[in-house]
Every structure is written in structure tokens, then in C-alpha cells.
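Beneath this line is the structure, given in C-alpha cells, with notes to follow.
Please read all numbers here as calculations on a predicted model, not as lab measurements. Chain identifiers are assigned alphabetically (A, B, ...) following the order of the sequence lines, protein sequences preceding nucleic acid strands; residue numbering begins at 1 within each chain.
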Number of protein chains: 2
Amino acid sequence: MAAGQGSASGTDGQDTPAPDVAHALAAADARCARAGAQLTELRRQVLGLVLESDQPLGAYALLDKLKALRPGAAPPTVYRALDFLLEQGLIHKVERLNAFVGCVEAGHDHAHGHDHHHPHQFLICRDCGTTVEISDHAVAHALEAAAQRVGFTAIQATVEIEGRCATCSAAA
Amino acid sequence: MAAGQGSASGTDGQDTPAPDVAHALAAADARCARAGAQLTELRRQVLGLVLESDQPLGAYALLDKLKALRPGAAPPTVYRALDFLLEQGLIHKVERLNAFVGCVEAGHDHAHGHDHHHPHQFLICRDCGTTVEISDHAVAHALEAAAQRVGFTAIQATVEIEGRCATCSAAA
DNA sequence: GCCCGCATCGTTATACTGTAACACACATCG
DNA sequence: CGATGTGTGTTACAGTATAACGATGCGGGC
Ligand SMILES: [Zn+2]
Ligand SMILES: [Zn+2]
Ligand SMILES: [Zn+2]
Ligand SMILES: [Zn+2]
């Protein structure tokens, strides 16, 4: 059942056998089952495409890739799948890039048994575009404290730090 | 000289004599002069419109308002002005809303003699939409520390906290 | 004065991002 | 069987942002 994407390795010209992607998909499946949500084939395909990419993917870039698997795909096709995956906490949106990335914690079955939406932050390199997700508790606490200081009840925070990654810093 | 916008108070049906807006515009003028940048009439008009609003304004909402002052205005007209104002640190963009707000620190001539781009965070109320800018040092330090912990050099951070403002919390 | 380069702005067209609305297939339940 | 709910296909559109080219105006070198 998990098979079916045998074409993935040859489709984009890159060898992406994606062993960890398969693992992440299985974890996503389990997680959705627990939440009473259906990870349909379409949603799994979109999630797979997001996970296969090492960079954030825009909705339309995703749509182009999806069309290879699903010729009739249109914007709502991908946006609806993205909405579902966002709600399940399987992916995040990078607001500065209008793009989507897989949640690094989604693979950890254990961790938070609760539904979703863990605090997270992004580090976006201006030179190479690499975007990494971190989950820094000190940052989360500082945000919560800053909000409470003015009587604000924080529910969710978008934190996206732009700068230079270690690799690009070393190159300069 | 500050006159010329006598129509402002009657244009949108609200009485917005905007005494502090005039002050902020004067401060912006001084600041641009110091930076060797030209706060032209167009840019001052756009800045004025942003400052007059107590809520974040989208580029096209801004364009609509600008058309009253400048009938030929088109998208590039407002986007170019916004780019300038962003570079000068006179306004900020709220990424989650695709909207722009005046910088609360822009009025403070004193403060940072340096050019621009102070660390800041937004508190966005989900109920009433009110968006408040704060500049919390603890948050800024936590972000810097989190970045350095993974060898990342932070240059600028987007921090937008969604939740419920004090007023809306009390109402519930 | 004249030419040139630069910054600003006007204008048109287009690209990119995201949704509304309606139809159909299917599953579940009374 | 009809009703309801979810997921998807399909068309059209709304909202956000930029590319490209031209015109103007101003300052500096010749
Ligand atoms: Zn995550
Ligand atoms: Zn880099
Ligand atoms: Zn500010
Ligand atoms: Zn509120």
C-alpha cells in the first residue's frame, strides 16, 4: 500500500528514493488515524511532495509537481490538501516566502500526543534560501511573557528569522 | 506647510485632524533628510494614509484611498512608495495580513540614531483585528540566542503573535 | 548652454497567490 | 431508498505584487 510512487525517483531527474519520507508518511498516517482524520491519497501525495523537497515549496510549484501524479489538478486541489495538512500540523507555512514545509516534528510519533500546532520558528538563509525549523522553548516563553505583559493572550506565533546560515557565513 | 490636506477630515467621513500624524510626518521628514533620502509628496501622502489608519492597511486599500488624492495612482505607485517607507523603517509589513502599519518608534526622533530596522513584534487580535507593535528586548535576545545556537547569523526577524487582546478577553 | 546620468513617477500589462461556488462520487445511517 | 456529510473535480474569479517602458525633472561635467 505504501508503494505506488515508484515513479518518484525518475520523475524530477533527481534520485529521491526518500526512505525517511516513507517513514514520515507512515507516521502521518498513524497520527491522522488517531485524530480521526483521513489522510487520503491526494493528501498523502501532496504531503509527500512537500517532504521530498529540501526547500519550501510554493502552492503553485507544488501544483506543477502534483500534475505529474494527478493530471486534473487545479489550485483548489492543492490548497485544500494544504489546509488539511496545516490543520493536522503535518506541515507549516512560511509566511515570508508564501511557501510550505514539512514539520520536522511530524516524524516523531512519540513527542506530543496532543493534536497539533507546536510552537516553532524558522531560520531562513538569505543567500542559499535554506529554511530550517527549530522549536526553541526560550523563544516561546519570551513571546508568551511579552504578550502577557500587555494583557494579550497568545494563541499562536509566527516567528521567521532571516539571516545567514552557518554554511553561507563560512563561505564569506 | 503642513497644510494642504485640509480635505482629510471630510474625505472618509471620520474626523481625523491627526495632530500626532502631522508630528510623525515631520519626524519622518527629518529622519529622511538625515539619511539622505527624499520623502517626496507621494511618499508623504502614502505614509500619512498609513498613519491615519488605526488598523493595518493592505496595499490595495491604500491605493483606493490614495486615488482620492492622486487620481492616476496605480499599483506600482503605492508599492514603490511602500518599498521606500519600509527601507527607511517608517512603516512595517504585517506578513500574516499582507498589510502595512506605521512604525510606533518612527515618531521618536531621539532613540536610535542609526538608520532603521529596529527589532519589533506584532500582537494581532483574532477577534477585533487590532494590531499592536511592541519592541521586547527579551524576545529579541531569545531570538538571537536561538539562532546562534545553531550557527545562524540573524539579521532580521518577523514575529507576529496571534491571540486575543485585553479588551476582547475581558468581553469573553 | 548642452548633454548625460540618476531618481522619481506615470502607465500598461502581466505574474503570482488564494478562494468562491457549484457539481459529482461515495459512504454512512435512519 | 432518501438524507446527510466528506472529499474531490471543475470553472471562474478575487487579491497581492512586479516587470517593463516611457516621461519628467534635476544636478554635474563639458
Ligand atoms: Zn513543526
Ligand atoms: Zn545559506
Ligand atoms: Zn517599528
Ligand atoms: Zn481584540
*Which sits closer to the 5' end of DNA chain C, B:Pro75 or B:Ala37, going by the nucleotide each is nearest to?*
B:Ala37
*asked:* When you compare the ring of A:Tyr60 with the six-membered ring of C:dC16's base, are the centres less than 5.5 Å apart and the planes under 30° from each other?
replied: no
*OP1 or OP2 of C:dC9 sitting under 4.0 Å from any side-chain N/O of B:Arg70?*
no
*In whole angstrom, give the distance that lies between atom CD of B:Gln38 and atom C1' of C:dT8.*
8 Å
*Quick one: which of D:dT10, C:dT12, D:dG7 gets closest to the side chain of B:Pro76?*
C:dT12
*Once you round it to whole Å, what is the distance between P of C:dC16 and CG of A:Leu63?*
13 Å
*Output yes when at least one side-chain N/O atom of B:Asn98 is less than 4.0 Å from OP1 or OP2 of D:dG15, else no.*
no
_Gap between atoms CG and P, on B:Leu42 and D:dT24 respectively (whole Å)_ = 18 Å
*Taking atom C1' of C:dT11 as reference, at what distance in whole Å does atom OH of B:Tyr79 sit?*
17 Å
_Under 4.0 Å from OP1 or OP2 of C:dG18: is there any side-chain N or O of A:Lys93 that close?_
yes
*Starting at CG of A:Asp83 and ending at C1' of C:dG18, how long is that distance when rounded to a whole Å?*
10 Å
*Hey, is the main chain of A:Glu162 close enough, under 3.5 Å, to the side chain of A:Arg126 for a donor-acceptor pair?*
no
*Map B:Ala99 and A:Thr77 onto DNA chain D by nearest heavy atom, then report which one ends up closer to the 5' terminus.*
A:Thr77
*What is the distance from CG of B:Leu85 to C1' of C:dT8, rounded to the nearest Å?*
14 Å
*Mind checking whether A:Ile161 and B:Phe152 have side chains closer than 4.5 Å, heavy atoms only?*
yes
_Do B:Leu85 and B:Leu39 make a side-chain contact, defined as non-hydrogen atoms from C-beta onward lying under 4.5 Å apart?_
yes
_Strictly below 4.0 Å, N to O, side chains only: are B:Arg96 and B:Glu160 in salt-bridge contact?_
no
*Could you state the CD-P distance from A:Glu41 to D:dG9, rounded to the nearest angstrom?*
11 Å
*In whole angstrom, what separates B:Leu82's CG from D:dT18's C1'?*
13 Å
*asked:* Any donor-acceptor pair, under 3.5 Å, between the side chain of A:Arg80 and the base of D:dG9, if you only look at N and O atoms?
replied: yes
*For A:Gln45 and A:Arg70, test the side chains for any donor-to-acceptor distance below 3.5 angstrom and give the result as yes or no.*
yes
